[in-house]
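Contents: one structure, followed by commentary.
In what follows, every chain begins at residue 1, and chains take the letters A, B, ... in the order their sequences are listed.
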Amino acid sequence: MNNNLIKLYKSLYLTRFVEETISKNYSKGQMRCPVHLSIGQEACATGLIENLKKTDKLFSNHRCHAHYLAKGGNLRKMLSEIYGKNNGCVGGVGGSMHLQDQSVGMVSSIPIVSSAMGMATGNALYQKRNNLNEITVIYCGDASLEEGIFFECANFASLHSLPIIFACENNLFSVYTNIKERQIDSNFKKYASAFKIPYKKIDGNRVDEVYKSTKKIINLVRKKRKPYFVQMDTYRYKEHCGPSDDDHLKYRNSNEVKFWQSKDPISYAKKLMKKNNINEKKIKKIEAKIEIFVNKQFKHAEIDKLPNYKEASKHIYV
Amino acid sequence: MNNNLIKLYKSLYLTRFVEETISKNYSKGQMRCPVHLSIGQEACATGLIENLKKTDKLFSNHRCHAHYLAKGGNLRKMLSEIYGKNNGCVGGVGGSMHLQDQSVGMVSSIPIVSSAMGMATGNALYQKRNNLNEITVIYCGDASLEEGIFFECANFASLHSLPIIFACENNLFSVYTNIKERQIDSNFKKYASAFKIPYKKIDGNRVDEVYKSTKKIINLVRKKRKPYFVQMDTYRYKEHCGPSDDDHLKYRNSNEVKFWQSKDPISYAKKLMKKNNINEKKIKKIEAKIEIFVNKQFKHAEIDKLPNYKEASKHIYV
Amino acid sequence: MFKRNISFTEAIREAVFQSIKKDKKLFLMGEGVDDPSSMWGTIKGVKKKFGKSKTIEMPVSENGMIGVAIGSAINGSKVLVNLQRVEFALYAFEQIINNAAKTSYISRGKHSVPIVIRMVIGRGWGQGPEHGQSLENIFSAIPGLKVVIPAFPEEAKSMLIASIFDPNPVIFLEHRWSHFTRGKVDKKFKIKKLKSFNKITSGSKLTLIANSVNVLECLRVSKLLKKYNIDIDLFNLCMPNPLDLTEIIRSVKKTKHVITIDLSHIRLGMGSEIISTILENRINLKSPPIRLGLPFHPVPSSRGLVKNFYPTGQDILYSIQKSLKIPKVKFSQILKEYNLKSEKLPIDVPDPYFKGPF
Amino acid sequence: MFKRNISFTEAIREAVFQSIKKDKKLFLMGEGVDDPSSMWGTIKGVKKKFGKSKTIEMPVSENGMIGVAIGSAINGSKVLVNLQRVEFALYAFEQIINNAAKTSYISRGKHSVPIVIRMVIGRGWGQGPEHGQSLENIFSAIPGLKVVIPAFPEEAKSMLIASIFDPNPVIFLEHRWSHFTRGKVDKKFKIKKLKSFNKITSGSKLTLIANSVNVLECLRVSKLLKKYNIDIDLFNLCMPNPLDLTEIIRSVKKTKHVITIDLSHIRLGMGSEIISTILENRINLKSPPIRLGLPFHPVPSSRGLVKNFYPTGQDILYSIQKSLKIPKVKFSQILKEYNLKSEKLPIDVPDPYFKGPF
Ligand SMILES: Cc1ncc(C[n+]2csc(CCOP(=O)(O)OP(=O)(O)O)c2C)c(N)n1
Ligand SMILES: Cc1ncc(C[n+]2csc(CCOP(=O)(O)OP(=O)(O)O)c2C)c(N)n1
Ligand SMILES: [Mg+2]
Ligand SMILES: [Mg+2]
């Protein structure tokens with residue numbers, strides 16, 4: 001249990017520290033692409049993905065840093081990509097919204113809302129047809145449930161009983177717009193039920209709960225080869241796109257903000273560790289090690305070279 | 001009651017006779033466009049639409065003859081359109097799949113599955129915003145519930161509480177493909193519930209039931225300004241597209257075909273009338289009158305002129 | 001090389017059957033993929049012959065379907081998607097343009113998308129505005145897609161095989177009228193290289209570029225003109241994307257006369273790209289280039305309205321006369337012979353000539 | 001006529017506000033239509049000023065949204081739809097092409113679709129392959145759509161008003177960099193006729209056609225060349241669909257030199273249509289036409305990779321030299337002056353010149 005907690009915390013803290021560093025350094029103007037930070041939402045990524053095997057496949061959207069890191073994606077390549085450098089995971093053609101790392105099963109991040117949904121479903125079809133022991137996870141936001149393609153994929157996944165988990169991070173907002181203005185309520189069970197897809201709602205800020213619940217779900221999906229819908233309620237701290245807070249804009253209720261801050265996934269995990277007799281010192285040591293590692297990767301990315309413009313016209317076709 | 005039954009029967013018989021005549025004459029090669037006949041499904045159109053006001057707006061799909069006629073669309077113009085003639089309801093540019101008659105609120109038929117859904121929802125939004133006492137009805141097939149746009153519209157209609165009825169004719173097939181191969185089951189309540197849209201399933205072959213149930217529903221939608229989903233199970237007799245039977249292809253179970261034929265909406269309505277002491281003679285008289293009328297319209301359409309090709313380049317813009 | 005006279009439909013089917021045999025990673029997907037019509041017989045019996053794992057019946061959800069095809073394909077499946085009409089793909093433009101076309105580019109070639117999306121172009125019998133578009137120029141304006149349009153049975157077979165075994169996403173456009181053509185087709189399975197143009201007839205007087213059913217009409221015209229000593233370099237633009245105009249440039253340098261025929265609208269059609277490129281290449285034409293194709297409005301349904309809509313053999317002849325300034329007397333003789341040979345059939349069904357054999 | 005120096009953003013906003021005042025049938029629709037960003041301020045405060053009935057917040061469902069807009073519009077509403085990026089419209093191509101573009105045609109003018117779909121074209125700051133496309137050539141290949149692309153604040157205002165009061169569906173493309181431009185804009189509300197071209201500078205030596213941000217670069221070049229006695233007929237192709245080339249034909253007949261710059265890819269871009277049409281019109285150019293625009297591959301994100309991707313002032317100058325054969329000495333002087341004036345700024349943010357005022 002303790003080992004597990006530590007593993008989870010490492011992943012959480014890595015993600016948080018990487019994104020805090022992005023946030024801190026963004027204004028230097030070297031990360032010249034839009035960034036969508038997951039700060040506040042880390043447990044949704046860590047808790048579930050920690051249960052996946054390397055061979056399991058992950059798909060993501062515009063807010064993909066946490067998923068990439070939790071899946072074990074190469075940090076240096078991620079940062080180099082965000083810096084627009086030649087060592088980027090896709091050589092700089094994609095930027096922050098297109099992270100992928102084939103070597104760990106982080107297949108694709110697509111910044112068009114719900115666009116990765118079809119590909120993920122196709123991936124699960126492939127796994128099923130070829131009797132692979134893998135599963136597919138598609139991370140999506142609450143707004144992605146408003147795109148027709150989600151329903152098309154849910155229908156197909158259910159009809160063909162595919163090993164796919166729709167992992168929905170409900171942070172209540174699409175950019176500045178509350179889910180109340182977009183959907184009739186924020187209980188997604190109704191969508192899953194429409195396709196007889198089993199559903200579970202999880203507190204997305206509690207890494208232990210996400211971990212425990214999704215462990216069972218993942219086992220089920222792997223064994224039974226059928227889809228599952230997981231709703232993880234959570235909250236984003238920073239602005240939708242960019243490095244800063246935007247609470248001054250007042251589109252989010254300040255009590256709501258406070259409520260979610262009191263449920264901070266990192267603090268929560270820390271408390272858990274303490275409860276399990278992992279002391280402050282040990283935690284600090286873990287954190288320090290991560291920080292050193294992360295800072296080094298940032299340095300690397302900063303000094304990586306810009307790609308040669310001739311690369312831009314390559315790979316249009318295979 | 002009797003008057004009502006007679007009215008319903010007239011509409012049913014008109015539709016049946018028109019389509020039987022199309023079927024009979026199609027091989028003469030003068031109706032040179034694809035036709036999707038509603039023979040067997042007439043009660044879904046008649047029973048519901050008979051309750052609508054002229055100002056209520058109707059949208060349809062490729063299988064639009066019955067809807068057009070039930071809504072009071074001009075028969076001559078419909079036939080002329082199918083014959084590709086200049087008196088066609090859209091001057092011959094559309095053919096059988098694009099019937100519309102503004103004067104009676106038959107707004108548009110679009111032969112791309114579910115494509116009229118968005119327009120219908122927008123129409124209901126217009127009615128709501130302008131406090132009109134109208135409602136919108138969108139006829140759609142079972143397959144149209146597989147297109148993402150249906151879910152997008154259902155969400156929007158529910159969220160904004162729009163006066164729209166999703167009138168789904170479930171004939172169990174999309175072309176030759178059984179619904180079992182396309183959806184997890186054929187109870188559409190699950191889709192309606194996903195958006196908290198009230199739902200009712202009706203025997204689509206019993207015109208009295210369709211009429212009674214939808215009367216209440218239409219009143220409700222008109223008063224409460226909110227959407228409703230109506231599932232009408234029914235069966236098409238002819239091939240998906242074209243004038244003939246295709247039972248020799250055996251894509252439909254012969255017992256199933258027989259079962260539905262035993263539930264023929266015209267025979268059923270006839271029995272009803274007899275039960276209500278409308279005698280055979282009276283019925284024959286009604287039918288004869290309709291037949292004379294219809295035959296005359298066919299003659300008209302046959303001798304209508306082909307449109308001048310110069311019309312083809314008009315109305316690209318308003 | 002053993003060639004039989006078979007139909008375009010049979011050629012497609014043979015390509016599908018042989019490809020499934022060659023590569024067990026291939027499967028078919030579509031609405032009604034194994035129904036009694038089975039894309040007008042082009043894929044009839046796949047399930048019966050190869051088992052149900054080779055055909056996946058799809059809900060009527062085009063965008064999701066293309067997404068699923070892409071997702072299967074980046075893993076190593078080869079997917080042949082079947083759409084009865086080009087228009088149904090409009091629902092799937094998002095997946096086609098965002099994912100099919102860009103996956104190789106974005107992944108720096110780590111992912112490939114070996115899918116073929118067969119789409120049928122409707123014409124005749126009152127198809128009308130939403131069942132008669134071709135859109136090949138639009139697909140050809142998207143980098144990362146390949147666009148293939150066979151005109152003859154032989155091309156249908158060899159290019160479908162080539163498309164299936166191409167690692168890139170291919171939009172495979174079949175004209176409904178092409179299905180009826182017949183011609184000699186090699187029985188062997190062979191993976192040829194896809195190329196933009198197939199040369200159909202050779203000549204020195206004029207370069208004529210068309211594709212799909214328009215090529216058939218051009219062939220008839222070219223054969224006729226040959227008798228009158230007017231020999232034409234006729235090209236079938238069978239892969240408009242990616243577009244390699246080398247051969248065309250060479251031909252036009254020789255002929256100094258060029259006519260293009262677009263399957264879709266003239267406006268922003270392949271003809272516009274071809275002609276601009278020719279001009280950029282400093283070729284001095286002896287007469288202005290001519291573009292034929294559809295006028296810039298939707299496809300009307302009635303046979304009364306499609307008169308003057310689709311380019312005809314006569315239109316092509318007149319354009320050639322205009323370009324080459326064929327003497328009046330000679331031209332009226334040509335026209336007479338053309339009219340004699342072309343039967344007076346309704347405008348909305350394929351001319352018997354179109355059936356071939358080619 | 002009272003003109004003030006305002007930004008493109010303010011011009012758009014003024015057009016929206018004045019149009020709402022003029023016609024109570026108008027309302028706005030979109031994702032985040034009244035959020036704090038409100039399309040980068042272009043529609044800020046509509047709700048506050050005109051009440052919540054004028055803005056309809058939409059779920060993230062683009063195809064449904066466009067369908068809803070069309071359905072409202074055929075009844076008599078005027079709908080202004082707001083999309084933050086062109087790419088999001090890919091989900092809605094079905095509704096745009098099947099219904100928005102064809103409703104007037106199919107209904108024989110009984111229905112009209114007075115909607116305007118504003119879409120923003122991304123560039124710079126690493127937008128990348130799915131946030132940087134423009135697709136104006138694709139929309140312009142669809143009959144029944146109007147496509148409008150303003151370059152200057154004045155155009156932004158007058159053309160948005162004209163688009164809103166046009167009974168047809170209008171794709172209104174705004175380049176993200178245009179938002180920062182400033183210029184003199186008439187305060188009055190006036191419904192002008194939409195036309196394909198606005199003439200920006202007059203001259204006899206060469207016809208230069210561009211749109212959106214490329215016009216700004218052209219203007220700079222044209223002004224510079226004027227000093228060297230090279231006067232240029234510069235046209236802003238502000239409505240590529242429907243396309244009326246009369247003015248261009250006239251200009252090229254005079255100048256005999258033509259260069260086009262596409263906002264999107266050169267391949268099958270507006271330039272190809274323009275140049276083909278010029279040639280069909282039997283105009284003897286003195287040098288081959290030149291097309292500039294984007295190379296035929298997706299938009300990369302990194303600033304290292306967009307080098308050589310977007311046409312620059314230098315590219316334009318070199319092309320003009322190539323066309324006019326400007327003597328070497330003179331040209332190097334021109335180039336020197338150009339380079340002096342254009343600041344060395346990062347490639348992925350708008351040049352300060354782009355801000356105007358114009
Ligand atoms: C098809 C499409 N429409 C709109 C956008 C603009 N957009 C980018 S992110 C976003 C919000 C998505 O919200 P959600 O799915 O809940 O994810 P979150 O940002 O909250 O993590 C929107 C609307 C887009 N990228 N793609
Ligand atoms: C988007 C789209 N995909 C496919 C088709 C081909 N198609 C025409 S009718 C039809 C069947 C539709 O079935 P359903 O909605 O149940 O209506 P029915 O024909 O049974 O009345 C199909 C698939 C189409 N017209 N549009
Ligand atoms: Mg969200
Ligand atoms: Mg059906």
Side-chain angles (χ1 to χ4, degrees), chain C residues 62-63 87-99 101-102 105-106 128-130 133 135 137-138 140-144 240-243 260 264-285 287-291 294-298 300-301, chain D residues 62-63 87-99 101-102 105-106 128-130 133 135 137-138 140-144 240-243 260 264-285 287-291 294-298 300-301:
Chain C
E62 287 78 8
N63 204 29
E87 279 87 349
F88 309 160
L90 289 170
Y91 271 124
F93 263 50
E94 191 279 315
Q95 286 297 308
I96 294 174
I97 297 181
N98 283 329
N99 294 339
K102 295 187 178 60
Y105 186 79
I106 294 173
E130 294 178 356
Q133 295 164 87
L135 308 180
N137 54 334
I138 291 187
S140 299
I142 308 295
N241 189 14
L243 183 64
T260 62
S264 185
H265 308 293
I266 298 172
R267 171 77 50 83
L268 286 163
M270 298 313 302
S272 68
E273 180 63 31
I274 293 170
I275 284 172
S276 309
T277 307
I278 288 171
L279 270 298
E280 286 166 343
N281 274 271
R282 306 177 160 270
I283 303 175
N284 280 320
L285 296 176
S287 65
I290 294 174
R291 286 181 295 165
L294 305 185
F296 201 51
H297 62 73
S301 170
Chain D
E62 288 78 9
N63 204 29
E87 279 87 350
F88 309 162
L90 289 172
Y91 271 123
F93 262 49
E94 190 279 315
Q95 287 296 306
I96 294 174
I97 297 180
N98 283 329
N99 294 338
K102 295 187 179 59
Y105 186 79
I106 294 173
E130 293 178 357
Q133 295 165 86
L135 308 180
N137 55 333
I138 290 187
S140 298
I142 307 295
N241 189 14
L243 183 65
T260 62
S264 185
H265 308 294
I266 297 172
R267 171 77 49 85
L268 285 163
M270 298 312 303
S272 68
E273 180 63 31
I274 293 169
I275 284 171
S276 309
T277 307
I278 289 170
L279 270 296
E280 284 167 343
N281 274 269
R282 306 177 159 272
I283 303 175
N284 280 320
L285 296 177
S287 64
I290 295 173
R291 287 181 294 165
L294 306 186
F296 201 50
H297 63 73
S301 170

Of the listed residues ([options]), which shares the most heavy-atom pairs with chain C below a 4.5 Å separation?
options                              : answer
D/Ile275, D/Leu279, D/Ile96, D/Ile97 : D/Leu279
D/Met270, D/His297, D/Glu87          : D/His297
D/Ser140, D/Gly144, D/Ala101         : D/Ser140

Quick one: what part of [X] sits under 4.5 Å from any heavy atom of chain D, side chain, backbone, both or neither?
X        : value
C/Ser264 : neither
C/Leu243 : both
C/Asn63  : side chain
C/Ile106 : side chain
C/Tyr105 : side chain
C/Pro295 : neither

Identify the heavy atoms of [X] and [Y] that sit nearest to each other, and give their distance.
X        : Y        : value
D/Glu273 : C/Ile266 : OE1-O, 3.9 Å
C/Phe296 : D/Asn241 : CE2-OD1, 3.4 Å
C/Pro288 : D/Glu280 : CB-O, 4.0 Å
D/Leu268 : C/Asn137 : CD1-O, 3.4 Å

Go through the side-chain N and O atoms of D/Ser272 and C/Ser276 and say whether any donor and acceptor fall under 3.5 Å apart.
-> no
With no hydrogens and no angle check, do the side chains of D/Thr277 and C/Arg291 hold a donor and an acceptor under 3.5 Å apart?
-> yes
Using a 4.5 Å cut-off on heavy atoms from C-beta on, say whether the side chain of [Y] contacts that of [X].
X        : Y        : result
C/Glu130 : D/Asn99  : yes
C/His265 : D/Ile142 : no
D/Gln133 : C/Lys102 : yes
C/Gln95  : D/Leu90  : no

From C/Leu135 CG over to D/Ile138 CD1, what is the distance, rounded to the nearest 0.5 angstrom?
-> 10.0 Å
How long is the gap from CZ on D/Arg282 to OG on C/Ser287, to the nearest 0.5 Å?
-> 7.0 Å
